[in-house]
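Scope of the values below: all heavy atoms of this structure, side chains included, with no hydrogens, waters or symmetry mates.
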Protein chains: 2
Amino acid sequence: MQEKVRLKDLAEKLNISITTVSKALNGHPDISEKRRKEIIEYAASVNYVPNQVAKNFRQQRTNTVGIILSDNAYPYNSRMLHGMEETLAASGYYPIFVDSHQDARRELELIRSLHALNVAGVLLTPSHNGRESCDLLTNFQIPYVLARGYIDPDQDAYVVVDDRMVSYMSVKYLSSYDGNKIFFINSMERLPSAQNRLLGYRQALADYGIKEEDDWVIQNCIGQQGGYEVMKQLLRRHKPPFSVICYSDYVATGMICALQERKIQIPSEVAIMGADNIAILSYVKPRLTTIDLPKKRLGQRAAEMLVEMIEHPSNDAPIDFSKMRCVFQPRLIIRETS
Amino acid sequence: MQEKVRLKDLAEKLNISITTVSKALNGHPDISEKRRKEIIEYAASVNYVPNQVAKNFRQQRTNTVGIILSDNAYPYNSRMLHGMEETLAASGYYPIFVDSHQDARRELELIRSLHALNVAGVLLTPSHNGRESCDLLTNFQIPYVLARGYIDPDQDAYVVVDDRMVSYMSVKYLSSYDGNKIFFINSMERLPSAQNRLLGYRQALADYGIKEEDDWVIQNCIGQQGGYEVMKQLLRRHKPPFSVICYSDYVATGMICALQERKIQIPSEVAIMGADNIAILSYVKPRLTTIDLPKKRLGQRAAEMLVEMIEHPSNDAPIDFSKMRCVFQPRLIIRETS
DNA sequence: TTGAAAGCGCTAACAC
DNA sequence: GTGTTAGCGCTTTCAA
């Protein structure tokens with residue numbers, strides 16, 4: 001049962017002033033080496049740990065960073081979170097993480113709470129397209145970086161995967177299957193990333209001279225169950241061969257499951273492309289052709305940028321956002337399903 | 001650019017004392033209803049948010065909770081983390097989460113840091129069997145709950161899965177395969193959970209009259225790559241049929257991959273059991289027979305217990321740890337690989 | 001029912 | 001090179 005040791009306790013024991021102890025411990029230049037050593041040694045011997053709360057209060061700044069994820073249940077975010085945590089820890093910041101559950105109202109509430117906790121910055125995965133959250137953060141003068149999904153290229157610092165390219169690459173690769181229909185199974189249409197995926201898909205169709213047909217795009221398909229059902233539905237209306245680009249590996253595995261139940265050959269009858277490159281699937285047959293998204297690095301980069309913004313605030317000049325952007329390129333992983 | 005509104009600002013505008021404003025906002029009984037209403041309304045109108053850091057400092061307690069995970073890269077932990085976050089958020093606590101990277105030294109360092117941040121409690125996934133971390137937490141008088149892996153049943157509050165039962169159930173189920181060898185592929189032997197799995201395995205062999213042979217237990221097999229290689233090695237030394245119990249679904253998928261490459265039939269030639277019930281695999285063929293571990297609920301329960309300990313501290317009586325334990329039973333999920 | 005004043009542990013401006 | 005002092009924003013006695 002160890003009583004908390006305070007600066008005052010150290011000072012009394014050593015018969016010097018609190019100030020001197022504080023300065024010695026904080027590496028201030030105007031303390032003699034002899035004294036400093038003495039003080040540091042004694043502090044260590046009694047296990048002194050400075051009270052961060054008092055320090056934060058006094059200095060009007062903390063070494064905590066808020067991380068607001070839109071949905072932590074989704075594994076994609078967990079990899080990103082890992083990258084963020086790692087980088088923040090290395091820079092001496094502590095992450096406080098909270099989940100907005102894709103709820104815009106809650107997102108604002110959380111920003112207010114984090115502001116009350118006086119976080120040094122915020123990493124935000126926006127759950128929608130409005131600017132309210134960014135405005136509030138700006139209002140509070142809290143530096144922030146948007147991770148995955150951005151709102152306004154001119155106003156925000158952000159780190160994203162080039163979502164257009166994700167679907168563009170998929171179409172490009174599949175376009176070699178001569179004459180195939182290429183379906184595109186998208187996620188929730190309100191998601192910025194889903195909107196960009198669709199743009200990339202259409203751009204690629206145009207570039208490769210493929211004419212999109214009526215029901216090639218299916219929106220709002222979620223998860224494995226969603227993929228499973230959409231594939232069954234697709235098979236009712238279309239005869240193989242055809243190709244399918246999925247928003248995620250989850251959707252893709254659901255589709256593959258439906259195909260296997262009907263003993264349809266992959267990729268000769270139906271070709272499937274996923275997106276995410278979920279690690280565990282690399283050992284699973286048929287090995288999924290997918291697009292790798294650098295999840296962890298995205299988290300790391302976002303955290304790095306935030307730390308930069310926190311530690312080099314541009315009080316006078318407005319932030320040069322062009323330096324505060326990072327667009328990661330996806331990478332095609334060719335395996336067995338297309 | 002909103003200046004921070006302080007209690008003082010409210011008081012000045014309303015021409016009353018800071019004390020009165022504080023009391024009104026905190027629901028103190030000795031403020032007239034009229035005043036209270038007036039004050040609350042005005043505070044809301046100027047978007048007043050109390051400075052948590054000042055509050056925490058003054059009250060010598062915070063509403064943050066430290067979460068120390070041994071390895072956040074592992075998806076198991078991410079589900080648990082999700083459960084923890086959810087429960088803490090619902091109780092008004094903010095999680096600060098950090099990763100010990102299975103390093104005992106770092107774990108102690110992190111506890112010291114969290115202590116400095118004056119966290120209200122700690123949720124800890126111990127990375128080893130020593131008592132140093134628990135002792136330090138006790139020393140600092142920080143309430144804590146161990147999640148997954150416990151040290152001393154008499155001294156700690158903990159939430160675990162019954163790891164013995166995980167392997168016990170697997171052996172029991174496999175024992176119906178008449179005369180099969182039953183291999184047990186364990187994780188790092190220093191992990192408490194791995195030690196318990198081994199105990200359960202041996203207990204079940206004894207109970208079902210199966211005599212363990214020399215090389216049935218393989219320790220320190222990690223991940224898909226590990227499973228893949230161990231299976232190749234196993235096939236070199238043993239002729240099917242046999243059965244294999246894996247520490248995790250990851251190991252199991254690696255093994256299945258190796259079997260498929262050699263065109264060995266599952267489960268007729270080699271039967272495989274996983275553990276974890278990773279969601280994505282439920283749609284993947286061959287559908288893995290596994291043991292479900294209630295990851296998210298485990299995190300929730302651990303957080304619930306911690307909140308209980310924080311809010312009802314037993315200053316006088318020693319904590320009744322028998323109420324501070326929760327052992328979740330695993331559940332057999334029979335699918336296609338055994 | 002209200003308010004004045006003290007102080008949580010620390011840092012920083014300033015005087016010596 | 002060292003110490004004195006003020007004060008960060010809030011809560012909490014205690015007196016009015």
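Taking the side chain as every heavy atom from C-beta outward, A/Asn118 and B/Lys4 approach each other to under 4.5 Å. A/Thr125 has its side chain out of reach of A/Leu146: every pair of non-hydrogen atoms, C-beta onward, lies at least 4.5 Å apart. Proximity of B/Gln300 to B/Met84: side-chain heavy atoms (C-beta onward) are nowhere separated by under 4.5 Å.
Residues forming a side-chain hydrogen bond (donor to acceptor under 3.5 Å, both in side chains) with A/Tyr94 (at least two apart in sequence, or on another chain): B/Ser113.
B/Asn26 contributes no side-chain N or O that, together with a main-chain N or O of B/His28, makes up a donor-acceptor pair within less than 3.5 Å.
With hydrogens and angles ignored, a donor-acceptor pair closer than 3.5 Å exists between the side chain of B/Lys23 and the base of C/dG3.
Sorted by residue number, the members of residues 53-60 of chain B with any non-hydrogen atom under 4.0 Å from DNA chain C read B/Phe57, B/Arg58, B/Gln60. Of all the residues in residues 8-18 of chain A, A/Ile16, A/Ser17 reach under 4.0 Å from DNA chain D with at least one non-hydrogen atom. Shown for residues 36-43 of chain A: no residue has heavy atoms falling under 4.0 angstrom of DNA chain D.
Between B/His115 and B/Phe140, the ring planes are parallel. Angles under 30° get that label, and only those over 60° would be called perpendicular.
With the end axes of the helix from C/dT1-D/dA16 to C/dC16-D/dG1 each set by five pairs, the angle from one to the other reads 40° at 10° resolution.
Put simply, CG on A/Asn26 is 17 Å from P on C/dG9, counting in whole angstrom units. Put simply, CZ on A/Arg6 is 8 Å from P on C/dC10, counting in whole angstrom units. Between A/His28 atom NE2 and C/dT11 atom P there is a gap of 9 Å when expressed in whole angstrom units.
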Q: Please step through side-chain hydrogen bond (donor to acceptor under 3.5 Å, both in side chains) for the pair A/Glu107 and A/Ser133, ending with a clear verdict.
A: CA-CA 7 Å; A/Glu107 197 171 294; A/Ser133 295; 2.6 Å; yes

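Side-chain polar atoms of B/Tyr144 and B/Asp156 form a donor-acceptor pair below 3.5 angstrom.
The environment of B/Arg61 atom CZ is sparse: at most 12 non-hydrogen atoms of other residues, nucleotides or ligands sit within 6.0 angstrom.
Contact check on B/Arg106 versus B/Glu109 returns no salt bridge, with no Lys/Arg side-chain nitrogen under 4.0 Å from an Asp/Glu carboxylate oxygen.
OP1 or OP2 of C/dT11 sits under 4.0 Å from a side-chain N or O of A/Ser22. A sub-4.0 Å separation between OP1 or OP2 of C/dG3 and a side-chain N or O of B/Thr20 is present.
Pairing each heavy atom of B/Ser91 with each of B/Glu311, the nearest pair is O-OE2, 4.5 Å.
Counting any heavy atom pair closer than 4.0 Å across all strands shown, A/Thr19 reaches a base atom.
From the 5' end on, the contacts that DNA chain D makes with chain B at under 4.0 Å to a non-hydrogen atom open and close at D/dG9 to D/dT12.
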